[in-house]
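One structure below.
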Amino acid sequence: MMMAKALNLSPSPSTSTLSLSSSSKYSNLLKTPTTLSFPFSHHSRSLTIKSSAAATIPTPTTSANQFRVDILSESLPYIQKFRGKTIVVKYGGAAMKQPELKASVVSDLVLLSCVGLRPVLVHGGGPEINHWLKLLNIEPLFHEGLRVTDAKTMEIVSMVLVGKVNKDLVSLINKAGATAVGLSGMDGRLLMAKPTPNSAQLGFVGEVARVDPTILQPLVNNGHIPVIASVAADELGQSYNINADTVAGEVAAALGAEKLILLTDVAGILENKDDPGSLLKEIDIKGVKKLIDEKKVAGGMIPKVNCCVASLSQGVRTASIIDGRVQHSLLHEIMSEEGIGTMITG
């Protein structure tokens, strides 16, 4: 290593400042301007700072670069664990409404795909549906956390989810560098729908009668990211609006996914729904059912928890409910030991 030259600080005769001039050795640190001024005492005429041959002066980016290297290094075990595994992500809530959160989800999906995971994205589009219903002066109605869907609403749901939300997501993922393919449950008979038992109250709200993953397998195997809108038809061709959480759970089971992740507007499952600090980091199926019986899980969280339980009972390894309001929560859940929400195990 070359001996570092001295930096000389000497008082300017016309001002009460010290002037710092640098040799070419440090011009890369100072850039412009190359003279820095500091207040000084007239009792001190000059100050010389010398660095020994062993000393180093870090550049401003050294710590940031090291941080990035550390992150990549710590991610290795998780990349190895999930490489080649299918991860089904249900996308919805605030992450769909805020541009920065949407960009975060898209970049996370692309990164996961690039390091060898096989992500599948299932989406609803509640906020967008409500927006268009409002424009058409149709009041959205809900029953036990599920949208009430008459014939007119069903037509709007199909147009918004399949024609707008789905293609917008495909475009964003493609733009970010991956290859996405947009699908609805009707494409390739991916999903076959049936009416819910309480169809009299909910209208054209359906359940998943069966999943045929034939159309998905070649896409996933070739590194594409399927983007699935939660709309499907029954044997007679009648369209149904299906809860996206339910679709994600059934698709995960049909693909033999390693992990199901639901992006929500809550931190996860709370032991006390009025206490944000009571987040349960991990819980099994028995514990979740107990929370439902005790009515600690209610409202829109019920179908989310039920779809997790159903997917686990069909072979999915783990299911997580995480906070989609946090940027890069998807990476945090997959690439860290502690995760970010509630993981439900079988």
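Treat the numbers as computed from the prediction; the structure is a model and nothing was measured. We're numbering straight along the sequence, starting at 1.
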Nearest non-hydrogen partners of [X] and [Y], listed with the distance:
X      : Y      : answer
Gly324 : Ser329 : CA-OG, 4.0 Å
Val220 : Pro226 : CG2-CG, 3.9 Å
Val106 : Ala176 : CG1-CB, 3.8 Å
Val110 : Ala178 : CG2-CB, 3.8 Å
Ser230 : Asn241 : O-OD1, 4.0 Å
Ala244 : Val122 : O-CG1, 3.7 Å

Below 4.5 Å, heavy atoms only, C-beta onward: do [X] and [Y] meet side chain to side chain?
X      : Y      : result
Leu172 : Val170 : no
Leu280 : Leu291 : yes
Ile228 : Asn166 : no
Thr179 : Ile225 : no
Lys289 : Val305 : no
Val148 : Phe142 : no
Leu136 : Ile156 : yes
Leu183 : Leu219 : yes

With sequence neighbours left out, write down each residue that passes side-chain contact (heavy atoms from CB on, under 4.5 Å) with Leu270, or none if nothing qualifies.
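Leu270 satisfies side-chain contact (heavy atoms from CB on, under 4.5 Å) with Ser278, Leu279 once adjacent residues are dropped.
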Are [Y] and [X] linked, directly or through intermediate hydrophobic residues, by side-chain heavy-atom contacts shorter than 4.5 Å (ILVMFWY only)?
X      : Y      : value
Val266 : Leu101 : no
Leu141 : Leu135 : no
Ile340 : Met343 : no
Trp132 : Ile129 : yes
Leu262 : Leu312 : yes

Give a yes or no on whether [X] atom [atom1] has more than 12 heavy-atom contacts from other residues, nucleotides or ligands under 6.0 Å away.
X      : atom1 : result
Glu271 : CD    : no
Lys281 : NZ    : yes
Lys167 : NZ    : yes
Glu155 : CD    : no

Quick one, Glu235 with Met192, criterion side-chain contact (heavy atoms from CB on, under 4.5 Å). Give me CA distance, side-chain angles, the key distance, then yes/no.
CA-CA 7 Å; Glu235 296 282 1; Met192 188 61 62; 4.1 Å; yes
Quick one: [atom1] on [X] to [atom2] on [Y], what's the gap to the nearest 0.5 Å?
X      : Y      : atom1 : atom2 : value
Leu191 : Arg189 : CG    : CZ    : 12.0 Å
His328 : Met335 : NE2   : CE    : 13.0 Å
Asp187 : Ile215 : CG    : CD1   : 6.0 Å
Leu117 : Lys81  : CG    : NZ    : 11.0 Å
Cys308 : Lys90  : SG    : NZ    : 10.5 Å
Lys295 : Ile302 : NZ    : CD1   : 7.5 Å

Look only at the side chain of [X] and the backbone of [Y], and say whether a donor-acceptor pair between them is shorter than 3.5 Å.
X      : Y      : value
Ser336 : His332 : yes
Arg118 : Ile87  : no
Asn222 : His224 : no
Tyr78  : Glu337 : yes
Tyr91  : Ala95  : yes
Asn198 : Gln201 : no
Thr342 : Ile269 : yes
Asn221 : Gln217 : yes
Arg325 : Asp265 : yes

Between Ser171 and Asn174, do the side chains contain a donor N or O and an acceptor N or O under 3.5 Å apart?
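Looking only at side-chain atoms, Ser171 and Asn174 do not form any donor-acceptor pair under 3.5 Å.
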Determine whether the side chains of Ser320 and Glu333 contain a donor N or O and an acceptor N or O closer than 3.5 Å.
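Present: a donor and an acceptor within the cut-off.
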Identified side-chain contact (heavy atoms from CB on, under 4.5 Å) partner of Asp245 from the options Met301, Lys304, Glu250
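Of all the options given, the one that passes is Lys304.
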By the definition side-chain contact (heavy atoms from CB on, under 4.5 Å), identify the one residue from Val162, Val227, Leu161 that meets it with Ser184.
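Among Val162, Val227, Leu161, the one meeting side-chain contact (heavy atoms from CB on, under 4.5 Å) with Ser184 is Val162.
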Is any NZ, NE, NH1 or NH2 atom of the basic residue among Lys164 and Glu128 found under 4.0 Å from an Asp or Glu carboxylate oxygen of the other?
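So Lys164 pairs with Glu128 through a salt bridge.
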Using the side-chain contact (heavy atoms from CB on, under 4.5 Å) rule, take Ile322 and Leu263 through it: C-alpha gap first, then chi angles, then the decisive distance, then the call.
CA-CA 5 Å; Ile322 69 173; Leu263 290 172; 3.4 Å; yes
With side-chain contact (heavy atoms from CB on, under 4.5 Å) as the criterion, how do Val88 and Val316 come out once you've worked through the C-alpha distance, each side chain's angles and the decisive distance to 0.1 Å?
CA-CA 10 Å; Val88 177; Val316 176; over 6 Å; no
Does the pair Val157 and Thr153 meet the rule for a side-chain contact (heavy atoms from CB on, under 4.5 Å), with working shown?
CA-CA 6 Å; Val157 167; Thr153 301; 4.1 Å; yes
